[in-house]
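Taking it in order: structure first as structure tokens, then the write-up.
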Amino acid sequence: MNRKVLKTLNEVEHWLGSFLAMETNLIIGFDTETTSLDYLTQELVGISFCFNTNSCYIDIIDNPEKEGILDFLRNFFKYKKIDMLIGHNISYDLKVLGKYNIYPHPDCKLFCTQTAAHLINENLPKNLTFLAGKYLSINLKSWNKVKMYGWHSQEFYNYGTEDAESTYKLFQIQYPLLKLQNLTDLFFNVEMPFLKVKIDLETHGILIDKEKLDELKQEMIKIISDLKIKMCEAGDIEYWVETNLMGQKEMIISFNFNSSQQLVNLITNKLNLEIKEQTDNGNPSTSEKSLKQINGQHPFIDLLLQYKKATKLSNAFVEPFHKFIDSDGRIRCSWQNTIAVTGRIICSNPNLLQLPRKNDLIEIPYEFRSCFIAPKGKKIVSMDYVGQELCWLAEVTQDQNLINTIKEGKDLHLTTAKTVFNLDIPDECLKINHPDYPMFKKKYKKQRHIGKNGINFPLIYGKSSYGIAKDFNITEEEAKRWIDSFFSLYPDVKKSIAACHKQIDETGEVTDWFGRKRRLLSDFPTETSTDISNKYRAYRQGFNFLVQSPSASQMKLAATNVKNLFDAWNKSNDNWEAKTILMIYDELVYEINEEYAEVSADFVRDEMEDCVKTSVPFTIEAGIGQNYAETKI
DNA sequence: GGCTGCGAGACTCG
DNA sequence: TCACGAGTCTCGCAGCC
């Protein structure tokens, strides 16, 4: 490898310029180094490139010619002769470069080696150090160690250059592997275009109403304190109040309500109640499900259930969210497309995919979700796929009855309930737009709940009659009857599940509608109970994958198309100023100028409904509000 | 005695 | 066999200095 360190504009122009002068289109590996991971404050330290057997590191931070070099890079990246840019976790590098207004040409293909690794084998680690070791036998140094030598050390230059080189070499190995496994379509048409949405999500973030969050924090402190006193009284637990060094009153309790061990001891020995549920290790369980079984037998239990709800909301959401708010009042979390084996994107620091919904256990002045707001003059718009996974169940199994039920616009959960429980509902009243539908939905609320949470969804997850019987406190025979009625309604679903199991037996893997693969255990010797357990687990995971995975890919495609639509409108005279701010499984949330909120929903609906050509129609539900909670009313 | 790491258990979401 | 896919918090124990 012919390595260079470039420190002057002249050297940069000469080295990169020599590539641009070539006849061929360019495929370039690159990597950026930054001062920190924090988007608002981070600075570009340097950038490295690799092309065939040539590599370089450009020293940027503290460089007197920095502006000239950045200007040159601005032109270099948008040069249309660059066919493909390769990077490991390339969205990170592009996000950093975006801060300096450096963008690739719109026609330039992206190749993220981290995403490629995830498609090639979802079960292996995806970090560059591991991949370089596995595929290239290169032992990469650790960032923390190299950083100690300083930004301008030879060690750091080598480190940066080696990353670009490894990325380029990985591409040379991964590209044929993607082709071999028929994954290039999914990679280039779904995963890579989606990275631009990921960058939008991470750079734009979502605005928080800090005052409201503070108000909710104070309210939660009061609710929890009141509950603690009531629990002490109900459980005959000693407590007293002391004034601390700051002059604040503090409640001292000789008991920890967060300790499951102490709770089990109190409930069984002092309150004399019998806990029936057990944890995986065979200990008595203090979970919500377990406590609900003995609720009503002692006032302490109801208070404890409220306490658990309140402390979870306070400790996991209201309190910690403060520290994630950036100086401009927005939260920018980290989104990842290479963790979930089903291709779903996941979110962390904080995880916005698990924002609590409205609860009916404790009374709070407003929902937590209402702290997520649109700035003045803008609105939040939320667009949901209606029953997305059940629609994919229909598409994947091609069950004509299920497809027809969806096409006719019927409520799938009520339809299942009608069949299983022989409900007296005329067929046409199962249609959501029929005037009598709301009446029947209300009348058979309980049966519909079972249809949804006891039959439809559990069967996608592979739940057995044993599990359903346990959850709904019915006999296994009755649970079996529920399942049989479901399969008599949708016989091809049953056939499809059996075919999936056969596929797993034969090949050890399944492939979804978009070509994504899930590699499960390849052989199942059946001597031990562990083997049998693993086999059935693989069956459940396999079929669930066939439904969950295309839903995730569809969301990525939809989000990408919607982003392209926004980009076009944002550049037009009617500037929408629209940005995607959240992607929550089957839901796309964006922020937009309020005058365009209504009309944009229609355009976005079209993009979401039509992004995949399926025999099953997809429908979208829209919600508009000043805050996120309002979009759900 | 205090710090750190880790597994268990519980809870959040679709 | 006994529900799929995730992240985060607290407790309590083990190991270390």
Side-chain angles (χ1 to χ4, degrees), chain A residues 122 256-264 277-291 304-305 307-321 324 333-337 339-359 361 368-369 384-385 387-390 392-393 452-471 476 479-480 483 501 518 520 524 526 528-549 551-552 555 582-587:
Chain A
E122 75 283 3
N256 184 355
F257 295 114
N258 297 329
S259 162
S260 44
Q261 283 180 16
Q262 292 186 38
L263 282 173
V264 168
E277 285 277 323
Q278 290 187 335
T279 65
D280 288 344
N281 286 350
N283 299 319
S285 164
T286 57
S287 68
E288 186 181 338
K289 193 179 160 205
S290 172
L291 293 175
L304 179 59
L305 281 165
Y307 172 82
K308 275 173 173 269
K309 187 68 84 182
T311 49
K312 181 71 188 178
L313 181 60
S314 180
N315 297 347
F317 299 101
V318 178
E319 188 66 39
F321 268 58
F324 291 114
C333 52
S334 166
W335 298 85
Q336 295 284 348
N337 65 324
I339 293 183
V341 290
T342 53
R344 273 184 173 178
I345 59 162
I346 61 106
C347 173
S348 57
N349 298 313
N351 181 0
L352 300 181
L353 300 181
Q354 54 174 205
L355 298 177
R357 295 176 69 96
K358 205 173 181 175
N359 84 90
L361 214 56
F368 181 68
R369 289 184 179 207
D384 281 50
Y385 278 104
Q388 190 195 22
E389 291 199 342
L390 288 168
W392 274 107
L393 179 71
K452 180 182 177 184
N453 298 310
I455 303 169
N456 284 353
F457 286 129
L459 286 174
I460 300 178
Y461 304 144
K463 201 164 189 170
S464 63
S465 54
Y466 173 91
I468 293 174
K470 218 174 142 200
D471 271 10
E476 219 175 312
K480 201 168 173 307
I483 295 174
H501 294 177
R518 175 90 163 95
L520 298 149
F524 307 102
T526 50
T528 69
S529 60
T530 312
D531 292 330
I532 295 168
S533 165
N534 287 342
K535 174 177 164 169
Y536 282 100
R537 190 174 157 76
Y539 282 171
R540 292 195 297 273
Q541 290 172 324
F543 189 71
N544 178 254
F545 172 83
L546 294 180
V547 177
Q548 199 182 108
S549 178
S551 303
M555 269 305 284
L582 288 176
M583 257 180 83
I584 303 187
Y585 306 108
D586 56 354
E587 176 188 1

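Chain A is the first sequence line, chain B the second, and so forth, proteins listed ahead of strands; every chain is numbered from 1. Values in this document were obtained by computation on a predicted structure and should not be read as measured data. Reckoned from all heavy atoms, side chains included, excluding hydrogens, waters and symmetry mates.
Side-chain atoms of A:Tyr585 and A:Met555, non-hydrogen and from C-beta on, never get closer than 4.5 Å to each other. Contact annotation: the side chain of A:Leu361 never approaches that of A:Lys308 to less than 4.5 Å [non-hydrogen atoms, C-beta and beyond]. Two residues are said to be in side-chain contact when any heavy atoms from C-beta on lie closer than 4.5 Å; A:Cys333 and A:Phe324 fail this criterion. Side-chain contact between A:Asp471 and A:Ile468 is absent, with no heavy-atom pair separated by less than 4.5 Å.
Distance CD (A:Gln262) to P (B:dA10): 15 Å, rounded to an integer number of Å. Between the CD atom of A:Gln278 and the P atom of B:dA10 there is a distance of 11 Å, rounded to whole Å. B:dT12 atom P lies 20 Å from atom CG of A:Leu582, rounded to whole Å. Straight-line distance from the CD atom of A:Gln388 to the P atom of C:dG5: 17 Å, rounded to whole Å. If you take CZ of A:Phe257 and P of C:dC11, they are 13 Å apart, rounded to a whole angstrom. C:dG5 atom C1' lies 12 Å from atom CG of A:Asn351, rounded to whole Å. Summarising the geometry, the separation between CG on A:Leu305 and C1' on B:dC11 is reported as 13 Å, rounded to the nearest angstrom. At whole-Å resolution of the value, CG in A:Asn258 and C1' in C:dC11 are 8 Å apart.
Here A:Lys308 does not reach the OP1 or OP2 of B:dA10: none of its side-chain N or O atoms lies under 4.0 Å away. The phosphate of B:dG9 (OP1 or OP2) has a side-chain N or O of A:Asn281 nearer than 4.0 angstrom. Taking only side-chain nitrogens and oxygens, A:Asn315 never comes nearer than 4.0 Å to OP1 or OP2 of B:dA10. Of the side-chain N and O atoms in A:Ser259, one or more sit less than 4.0 angstrom from OP1 or OP2 of C:dG12. At C:dA6, none of the side-chain N or O atoms of A:Arg344 fall inside 4.0 Å of OP1 or OP2 (strictly under the cut-off). Residue A:Thr286 places at least one side-chain N or O closer than 4.0 Å to OP1 or OP2 of B:dA10. Applying the 4.0 Å criterion to OP1 and OP2 of B:dC11, one finds that A:Gln354 has every side-chain N and O outside that range. In this structure, A:Asn283 reaches the B:dG9 phosphate: one of its side-chain N or O atoms is under 4.0 Å from OP1 or OP2. Between A:Lys289 and B:dA10 there is no side-chain N or O to OP1 or OP2 distance below 4.0 Å. Listed pair A:Arg537 / C:dA3 fails the phosphate criterion, with no side-chain N or O lying under 4.0 Å from OP1 or OP2. Look at A:Ser464 and you won't find any side-chain N or O under 4.0 angstrom from OP1 or OP2 of C:dT1.
Side-chain atoms of A:Tyr585 come within donor-acceptor range of the base of C:dG5, with a qualifying N/O pair under 3.5 Å.
For A:Thr279, counting side-chain heavy atoms from C-beta on, the closest listed nucleotide (B:dA10, C:dC4, C:dA6) is B:dA10. Among C:dG7, B:dA10, B:dG14, the nucleotide with an atom closest to any side-chain atom of A:Ser348 is C:dG7. Closest to the side chain of A:Asp471, out of C:dG7, C:dG5, C:dA3, is C:dA3. The A:Tyr536 side chain lies nearest to C:dT1 when the options are C:dA3, B:dA10, C:dT1. Minimum atom distance to the side chain of A:Lys309 is reached by B:dT12, of the listed B:dT12, C:dG7, B:dG14.
A:Glu288 comes within 4.0 angstrom of sugar-phosphate atoms only, judged by non-hydrogen atoms across all strands, and of no base. When heavy atoms are screened at a 4.0 angstrom cut-off, A:Val547 is found touching no nucleic acid atom at all. Across all strands, A:Gln541 comes closer than 4.0 Å only to sugar-phosphate atoms, never to a base (heavy-atom distances). Here A:Ser465 lies out of heavy-atom contact (under 4.0 Å) with every strand. Across all strands shown, A:Gln261 has heavy atoms under 4.0 Å from sugar-phosphate atoms exclusively, and none from any base. A:Leu355 comes within 4.0 angstrom of sugar-phosphate atoms only, judged by non-hydrogen atoms across all strands, and of no base.
B:dA10 and C:dT1 have their C1' atoms separated by 24 Å, given to the nearest Å.
Taking the six-membered ring where tryptophan is involved, the planes of A:Tyr461 and A:Phe457 are essentially parallel, since the angle between them stays under 30° and well short of 60°.
Judged by closest nucleotide on DNA chain C, A:Thr342 is the one of A:Pro350 and A:Thr342 placed further toward the 5' end.
Across all their heavy atoms, A:Ile584 and A:Leu352 have their closest contact at CD1-O, 3.6 Å. Residues A:Trp392 and A:Val547 approach most closely at CB-O, 3.9 Å, considering heavy atoms.
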